[in-house]
2 protein chains.
Amino acid sequence: MPPSNILDAIIAQSKLSKKETAKQQKIVEAAIALFAERGYANTSTSEIAKKSGVAEGTLFRHYGTKENLLLSVIVPFLKESIPFLAKEVFTDVNPRNYKSFELFIGALLRNRIAFLNENQDIFRVVLKELLYRDELRNELFPHLQSQLFFFLNDALEWFKELGQLKDLPNPVLLRLIMTSVASYLAVRYVLSPNREADDDAEVKTMVDFITGGVGKD
Amino acid sequence: MPPSNILDAIIAQSKLSKKETAKQQKIVEAAIALFAERGYANTSTSEIAKKSGVAEGTLFRHYGTKENLLLSVIVPFLKESIPFLAKEVFTDVNPRNYKSFELFIGALLRNRIAFLNENQDIFRVVLKELLYRDELRNELFPHLQSQLFFFLNDALEWFKELGQLKDLPNPVLLRLIMTSVASYLAVRYVLSPNREADDDAEVKTMVDFITGGVGKD
DNA sequence: CTAAAATAAAAGTAATCACTCACTTTTTAT
DNA sequence: ATAAAAAGTGAGTGATTACTTTTATTTTAG
C-alpha cells in the first residue's frame, strides 16, 4: 500500500467494492450496528458474521481484514457527511438564497439534523474511531477544514457584505461557528442519544446563540 | 457490589485504595499513558505490566480486573475535574469577584486550560471511555449537570442582576456556555493536540463569542 | 449436461487475551 | 526475633481473537 494518503486509499477501496451483494449489505448493516453499540475493538468478526447470518469466511472473502470492513462502513458515510464535497448541500442550502445569516445557519442546522437522524448509528462509529485513530483524524481534519473553507468562505463574505457578521478573520469565524454546530450535534446524537428534541426551539436557540451570544446588547 | 449507582461504586473504590505503593503509582502512570495512546480496549494488561516494570500478577493483586484499573485511573481525575464538586475552583474563580461576565468566563477558561495542561493524557482517556461506556456516561452526566447547575446558577443570577446576561432560562444558558467551553477544550486537547496556542488571544476570542456571538450588533 | 469458476460455509490455527495460582519476598506488629 | 500479613512474582489456563485453509454449494460457460 504505497499511498501515505489515507483518504485516497479509502476512496480507492470504496471504488473497488462496486457491486454489493445482498450478503455484503447484511454484513455492513450488522457491522454498523455492532460497532456503534460496543465499538470497533470490542466487536469480533464472528459476532458480525453471526448477526448478519453469514459465515465468517464470507466476511473475509469480501473485506480481507476487519480494518477494511470498518473503512467500508465509514467511507460512504464520510462521502456524504463531508457534505461540502458533494454538491447537494451546496445547492440545498445556498447562502445566496438567504437574506440573513440567521436563516442560513438555521437551514444548515436543519439540513444536518435531518441527515444525522437517518444516520445516528454510523455517526457514532465515525466519531469514536476518529478519536482513536490519530492518522485518520490528522488526514481528515485538514481536508475537512479546507473543504468547509472553500464552501463557506464565500458565504461568510456574502453575509459580511450584508453587514451581518463581525469583521473577524474567516478562519476564526469558521471555527467558532462549526465547533458550535458540531458540539450541538455531538451532544444531541452521541452523548444524550435518547432525548426527544423540539427541533424548532433548539435550532432557534442555537442560531440566536451563534449570532448573538449570551450577552445582553 | 450492590449499588446500582456507579458513581458511588467508583468513589467507594477510590477510597479503598488509600495508600498507594510505589508500584501502584507506576502501574497507574503506565496505564494512563497507554490508554491515552491507544485506548483501553487496545491495551493489554501485559503491556501495562511491562511498561510499569511489575509482574502482571501484581497488577491484578491490586486492581482485580482491568476494568477496575481503568476506574482507578479515571476516578481521581473526575474528582478534580468535576471541579465544582471541589471547592477549589469555587473560591479560585468566585463570580462575585468579577465585575463582568466576560472577566468571569475568561477566568474560568484559564483555570480549566491550566488544569488540562497538566492532565492531557488522562483527559483523553476519560473522553474516549465516556463515549464507549453508556452506563458511566448516563450516570455521570446528570450528576455533572446538577453540580454545575448548583454552582453556576448563582453566578448566572448574579450576572443577570448586573444586566449582562440575556434573560434565558438558566439551564439553557448553562448548556450554551458549557458546550462552547467544552467543545473548545475538546478540540484543543483531543482533536488537535499538537497545536501550539496563544492562550490570551484564544481566550479572548472565546469569551467574545460566548458573550456576543458572531453577529454584528 | 457437465466442467470450470466463483462464492459460501465450516473447520481449523496460531496468537493473544484477561486472569489465576502456588509460591517468594518484604513489611508490619508484637 | 518472629509470626502474620501484605506485596510481588511469573509460569500457566482456558477462552477468544483475527484470519486461513479446506470442503461444499452455487453459478456460469460451452
Side-chain angles (χ1 to χ4, degrees), chain A residues 1 9 13 16-74 125 128-129 132-133 135-136, chain B residues 1 9 13-74 125 128-129 132-133 135-136:
Chain A
M1 33 157 75
Q13 159 65 21
L16 282 183
S17 60
K18 287 229 163 162
K19 284 179 195 169
E20 274 201 340
T21 72
K23 302 231 170 195
Q24 272 179 291
Q25 284 184 338
K26 284 276 198 182
I27 292 172
V28 168
E29 229 168 81
I32 289 175
L34 289 173
F35 287 165
E37 190 187 327
R38 45 225 273 183
Y40 174 79
N42 291 317
T43 304
S44 68
T45 49
S46 70
E47 285 172 310
I48 298 170
K50 191 173 159 193
K51 174 148 189 167
S52 52
V54 160
E56 208 175 340
T58 308
L59 196 155
F60 279 95
R61 166 164 307 280
H62 285 301
Y63 299 99
T65 67
K66 188 187 170 190
E67 178 92 15
N68 232 322
L69 173 58
L70 175 69
L71 293 184
S72 300
V73 162
I74 287 183
V125 175
K128 287 173 184 174
E129 292 312 315
Y132 270 100
R133 292 160 191 280
E135 336 116 37
L136 188 61
Chain B
M1 63 256 307
Q13 158 66 23
S14 80
K15 278 181 182 164
L16 283 183
S17 61
K18 287 231 164 161
K19 286 179 193 167
E20 275 200 339
T21 72
K23 301 234 170 191
Q24 272 178 289
Q25 285 184 338
K26 285 276 200 181
I27 290 171
V28 168
E29 228 169 81
I32 290 175
L34 289 173
F35 288 166
E37 189 187 326
R38 45 224 272 185
Y40 174 79
N42 292 318
T43 304
S44 68
T45 49
S46 70
E47 286 173 309
I48 298 170
K50 191 172 158 194
K51 174 149 189 167
S52 51
V54 307
E56 209 174 340
T58 308
L59 195 154
F60 281 95
R61 169 162 306 280
H62 284 299
Y63 300 99
T65 66
K66 188 187 170 191
E67 179 92 14
N68 232 322
L69 173 58
L70 175 68
L71 293 184
S72 300
V73 162
I74 287 182
V125 175
K128 286 174 185 175
E129 292 313 314
Y132 270 100
R133 292 160 191 280
E135 334 116 38
L136 187 61

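Just so it is clear, the model here is predicted, and its values are computed rather than measured.
One finds no side-chain N or O of Lys23(B) lying less than 4.0 angstrom from the OP1 or OP2 phosphate oxygen of dG8(D).
Looking at Glu37(A), its side chain never comes within 3.5 Å of a backbone N or O of Leu34(A) through a donor-acceptor pair.
Rounded to whole Å, the distance from CD on Glu67(A) to P on dT17(D) is 17 Å.
Residues meeting the ring-ring contact (aromatic ring centres under 6.0 Å, His included) test with Phe60(A), sequence neighbours left out: none. Qualifying side-chain contact (heavy atoms from CB on, under 4.5 Å) partners for Lys26(B), counting only residues two or more places apart in sequence or in other chains: Ser52(B). Evaluation of the side-chain hydrogen bond (donor to acceptor under 3.5 Å, both in side chains) rule for Thr45(B) yields Glu56(B) as partners, not counting sequence neighbours. The side-chain hydrogen bond (donor to acceptor under 3.5 Å, both in side chains) search around Glu129(B) returns Tyr132(A), Arg133(B), not counting sequence neighbours.
For DNA chain C, the outermost nucleotides in 5' to 3' order that have an atom under 4.0 Å from a heavy atom of chain A are dT7(C) to dA10(C).
Two end axes, each from the C1' atoms of five base pairs, can be drawn for the helix from dC1(C)-dG30(D) to dT30(C)-dA1(D); they diverge by 10°, to 10 degrees.
Judged by the 6.0 Å distance and 45° axis criteria, Lys66(B) is positioned over the aromatic ring of Tyr40(B).
In this structure, the separation between CD on Gln24(A) and CG on Leu59(A) is 10.0 Å, given to the nearest 0.5 Å. A distance of 12.5 Å separates CD1 in Ile27(A) from CD1 in Ile32(A), rounded to the nearest 0.5 Å.
Annotation for Leu69(A) and Ala31(A): closest pair CD2-CB, 4.1 Å, computed over non-hydrogen atoms.
Near-neighbour residues of DNA chain C inside residues 41-52 of chain A, defined by a heavy atom below 4.0 Å, are absent. A heavy-atom distance below 4.0 Å to DNA chain C is reached by these residues of residues 53-61 of chain A, ordered by number: Val54(A), Ala55(A), Gly57(A), Thr58(A), Arg61(A).
When the options Asn42(B), Ile74(B), Leu70(B) are evaluated for a side chain to side chain contact (heavy atoms under 4.5 Å, CB included) with Phe35(B), the one that passes is Leu70(B).
At least one side-chain heavy atom of Thr58(A) sits less than 4.5 Å from a side-chain heavy atom of His62(A). Proximity of Tyr63(B) to Leu71(B): side-chain heavy atoms (C-beta onward) are nowhere separated by under 4.5 Å.
Residue pairs meeting the salt bridge (charged side-chain N to carboxylate O under 4.0 Å, His left out) criterion with at least one partner in residues 41-53 of chain B, sequence neighbours excluded, are Arg38(B)-Glu47(B).
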